[in-house]
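See structure below.
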Amino acid sequence: MTLHAPEQTLDLELAAERAHLETSRAALRRMRERAEALFATGDKVAGDAYTAEQLGRHMARRVKELADDPTTPLFFGRLDFGGTADGRHSGGTADSRHSGDAEPDDIVGVYHVGRRHVTDDLGEPLVLDWRAPVSRSFYRASARDPQGVATRRRFGFSSGLLTSFEDEHLDRGEELGTASRILTAEIERPRVGPMRDIVATIQPEQDELVRADLADSICVQGAPGTGKTAVGLHRAAYLLYLHRERLRRSGILIVGPNRAFLSYIAAVLPALGEVEVEQATVEDLVARVPVRAVDDPAVATVKHDARMAEVLRRAVDAHIGTPAEPIMVSDGSFRWRIGLDPLHRVVDETRREGLPYATGRERVRARVVGLLQRQAEARRAESPSDAWLRRMGKAKPVTAFLDTVWPALTPDGLLHRLWSDADVLATAAGGLLDAEEQALLLGHAGPGGRPGPEDAETGGASAGGPQRAGTDRRRGSAATGTKLGRTPKATKWTAADAVLIDEAAGLIERPAGFGHVVVDEAQDLSPMQCRAIARRSEHGSITLLGDLAQGTAPWAATDWRESLTHLGKPDATVVPLSVGFRVPAAVVAFANRLLPALAVDVPAAESLRRDGTLDVRTVEDLTAATVAEVHAALAHDGSVGVIAADDTVDRLRAALSGAGVETATADDVETAARVTVVPATLVKGLEYDHVVVVEPAAIVAAEPRGLHRLYVVLTRAVSRLAVLHRDPLPVPLAG
């Protein structure tokens with residue numbers, strides 16, 4: 001409970017905590033200065049150029065990790081394990097004194113918990129990293145299970161200045177929980193700009209997910225405002241703390257739905273001292289070809305279907321041929337012959353090994369050279385030189401044989417041939433895709449998947465062949481969006497093509513993977529996009545984050561088990577988070593009216609916040625009402641988000657600018673503008689203190705899964721939501 005003591009005692013305690021903060025900041029500054037000095041002199045102490053380069057990289061990273069933001073609290077809590085209570089550390093094991101790595105049951109003394117580990121000049125800890133085992137008790141200790149904690153203290157800050165503190169005497173059965181005024185103020189604090197970390201407010205159920213073992217893959221079905229994104233990011237930071245060297249080699253990847261989202265979350269991990277985590281969209285991952293065309297939705301849906309993986313596998317396998325004749329190879333002194341039977345064995349054995357296609361081609365080459373080597377050894381009674389072996393591998397008869405039975409492939413070349421040759425596609429897709437689906441892929445389907453007028457003369461997709469394919473390459477296809485040039489490089493590929501080319505690349509060459517992958521807004525991943533991520537986490541684990549109710553893509557997931565199977569983690573644990581701390585209860589209840597119409601089986605969101613406002617009203621002039629609402633919102637602290645159908649955003653921005661209101665776009669996370677005008681299609685994962693939703697009916701009408709999009713839009717507000725409409729509200733909302 002809040003301390004009740006003479007005012008003078010409280011002032012002395014507050015002064016002592018402020019002094020500890022200043023001492024800790026000074027110590028962190030010295031730690032950074034030492035790192036900078038080592039960085040500056042590393043080339044002089046290193047034994048060689050390679051060591052100097054490695055040391056330089058390490059120290060540059062260390063300097064970044066030790067950066068201090070004076071507006072951000074260096075510590076946010078304190079744990080008293082029953083030792084001395086004067087703010088100093090009373091000892092315990094050597095490990096506990098220096099790193100906080102001992103388990104809570106073995107600890108005594110007082111520890112400040114913060115965003116990173118800070119030590120004095122003797123190596124004694126002034127601040128323990130929030131990820132240390134000792135710090136776990138800050139999040140999980142309770143009156144029922146104190147975990148050795150006598151007192152848990154939370155600190156209140158304003159612009160980096162320590163202003164207050166609040167104690168819970170767990171050993172006396174006192175526990176505030178969500179009634180903590182400091183905890184509540186931190187959760188509800190208005191924000192402008194990028195997303196912040198939540199290390200000061202992590203709840204026990206979130207902490208359990210954050211500290212999950214590296215080997216475990218987990219899926220978080222998180223309702224709006226439950227902190228699922230923060231859980232994923234903080235789990236990445238925790239794993240880097242626990243497995244730093246291992247994950248520094250293999251890496252951690254954060255996958256987000258779009259660039260705006262990645263910009264929004266980009267500051268979280270650096271604020272926790274983690275500066276070497278890769279962030280990308282799925283489009284970034286599969287960017288092997290430039291995307292210069294757009295698919296018709298029906299075509300894109302087929303291309304993203306899981307069946308396309310088998311179509312491509314068959315297309316690759318179809319290139320493996322059968323030896324037709326022996327080969328003769330001369331080395332200048334002798335002519336060596338390899339008969340049909342051993343050549344058949346080489347190809348068959350390699351095929352059975354299931355290697356990536358390019359690896360298999362080189363394996364066939366090596367085995368053919370091995371057959372030549374054995375003949376040479378038998379004839380000469382000695383092993384030929386490495387130069388001889390390399391020359392044999394490049395000999396024309398060997399390369400000609402390879403080009404016949406295992407020709408070289410490129411991913412874009414493979415797809416170009418599929419899209420341009422109806423017979424090749426029919427062979428690969430037989431029994432998987434029906435005639436209409438094949439016609440869509442070839443560009444011979446008109447609206448509704450039926451053959452278009454240009455197909456009448458040739459008999460539709462199945463009657464084509466190389467001659468018609470040549471015509472298609474010149475003409476291109478309005479149905480598919482893919483504009484086939486005469487070569488893969490000249491082709492205008494679509495985003496869905498890029499995903500398929502990446503799949504083909506995975507069949508040809510095995511891509512490098514990451515030790516852990518965090519995937520946010522995963523409900524909108526198609527099966528083929530899931531496979532692209534799976535190839536990058538084959539030997540690592542994943543944290544999958546999303547909300548089935550927020551699925552807006554044509555192929556949006558309706559069951560996490562299916563997505564997890566495509567991601568290669570079918571046994572991952574699915575954990576629901578339904579209790580939110582950010583979105584007010586009135587806003588959640590309003591958005592929940594849509595759930596019955598969304599056809600997904602998810603628990604309804606709940607909120608512990610009873611503050612906030614909801615204002616739904618009919619207006620005559622949407623633009624004027626929006627400008628007035630924004631002016632009213634600016635009277636409050638925090639950010640303002642204006643969300644509307646995509647085709648009305650420019651008009652609203654112009655009107656606000658004309659009214660003297662500076663605005664930003666979703667990508668402008670560093671701008672000082674408090675007002676952001678965001679298209680409904682880009683707002684997923686973002687949040688604003690005050691949200692103005694303009695014409696819900698237009699948002700719903702703009703796309704097939706418009707009600708799902710509206711659910712996303714309505715749950716972006718963390719304090720106040722205003723819904724302005726001229727047309728009637730969608731039926732589920734009105735009801």
Side-chain angles (χ1 to χ4, degrees), residues 65 69 72-77 100 113-117 127-141 154 183 186-187 189 191 194-244 247-248 251-256 261-262 264-279 514-522 540-547 572-573 575-577 579-582 685 687:
E65 291 172 350
D69 179 0
T72 301
L74 196 55
F75 56 79
F76 47 81
V113 179
R115 285 167 170 77
R116 68 198 64 196
H117 197 66
V127 181
L128 288 186
D129 195 297
W130 66 277
R131 297 165 288 189
V134 173
S135 303
R136 182 173 58 200
S137 295
F138 182 78
Y139 303 107
R140 298 199 192 178
R154 298 183 189 275
L183 179 64
E186 174 62 21
I187 291 175
R189 178 157 57 97
R191 63 184 63 179
M195 178 181 175
R196 301 192 310 259
D197 65 74
I198 63 163
V199 290
T201 62
I202 293 174
Q203 299 300 297
E205 63 271 22
Q206 295 173 326
D207 188 66
E208 187 173 349
L209 295 172
V210 166
R211 296 176 192 265
D213 189 81
L214 175 60
D216 296 337
S217 290
I218 59 175
C219 171
V220 180
Q221 160 56 44
T226 54
K228 57 184 177 292
T229 297
V231 164
L233 294 175
H234 288 68
R235 186 184 185 201
Y238 174 75
L239 292 176
L240 280 167
Y241 174 86
L242 210 60
H243 307 280
R244 185 162 303 279
L247 289 176
R248 186 160 283 163
I252 284 185
L253 171 66
I254 310 291
V255 181
F261 177 83
L262 292 178
Y264 177 64
I265 68 171
V268 174
L269 289 172
L272 301 175
E274 303 300 344
V275 295
E276 289 197 331
V277 174
E278 185 172 338
Q279 298 185 348
F514 290 83
H516 189 75
V517 179
V518 179
V519 189
D520 207 348
E521 302 297 344
S541 55
I542 64 170
T543 300
L544 195 68
L545 312 165
D547 179 9
T573 301
V575 181
L577 289 180
V579 178
F581 306 92
R582 291 287 294 165
E687 63 178 28

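Quick note: numbers below take in every heavy atom, side chains included, and nothing from hydrogens, waters or symmetry partners.
- The stretch residues 215-242 participates, sequence neighbours left out, in no salt bridge (Lys or Arg N to Asp or Glu O under 4.0 Å) pair at all.
- Here L214 pairs with L239, H243, R246, L247, H516, S541 under the side chain to side chain contact (heavy atoms under 4.5 Å, CB included) rule; sequence neighbours left out.
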Practice item. Evaluate the side chain to side chain contact (heavy atoms under 4.5 Å, CB included) criterion for residues Y139 and V210: first the C-alpha distance (whole Å), next the side-chain angles of each, then the deciding distance (0.1 Å), finally the verdict. Key: CA-CA 11 Å; Y139 303 107; V210 166; over 6 Å; no

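- Listed by chain and residue number, nothing satisfies the side-chain hydrogen bond (donor to acceptor under 3.5 Å, both in side chains) test with E278 (two or more places apart in sequence, or in another chain).
- Counting only residues at least two apart or on different chains, the ring pair (Phe, Tyr, Trp, His ring centres under 6.0 Å) pairs with a member in residues 198-236 are W130-H234.
- Taking the side-chain hydrogen bond (donor to acceptor under 3.5 Å, both in side chains) definition, one finds that S217 meets it with nothing, sequence neighbours left out.
- With contacts defined as side-chain heavy-atom distances shorter than 4.5 Å, the pair L545/V518 qualifies.
- Judged as a ring pair (Phe, Tyr, Trp, His ring centres under 6.0 Å), not a single pair has a partner in residues 202-225 (not counting sequence neighbours).
- We find the CG-OG1 distance between D520 and T229 to be 3.5 Å, quoted to the nearest 0.5 Å.
- Under the rule for a side-chain hydrogen bond (donor to acceptor under 3.5 Å, both in side chains), the partners of D547 that lie at least two apart in sequence or sit in another chain are Q221, Q550.
- For E208, the side chain to side chain contact (heavy atoms under 4.5 Å, CB included) test picks out R140, with sequence neighbours left out.
- Partners of T573 according to the side-chain hydrogen bond (donor to acceptor under 3.5 Å, both in side chains) rule, which considers only residues two or more places apart in sequence or in another chain, do not exist here.
- Applying the ring pair (Phe, Tyr, Trp, His ring centres under 6.0 Å) test to residues at least two apart or on different chains, none of the pairs has a partner in residues 196-222.
- Without hydrogens or angle criteria, Y238 side chain to A212 main chain gives no donor-acceptor distance under 3.5 Å.
- Every ring-ring contact (aromatic ring centres under 6.0 Å, His included) that F138 has, sequence neighbours left out, goes to F76.
- With sequence neighbours excluded, the residues satisfying side chain to side chain contact (heavy atoms under 4.5 Å, CB included) with E274 are R131, A237, L240, R244, L269.
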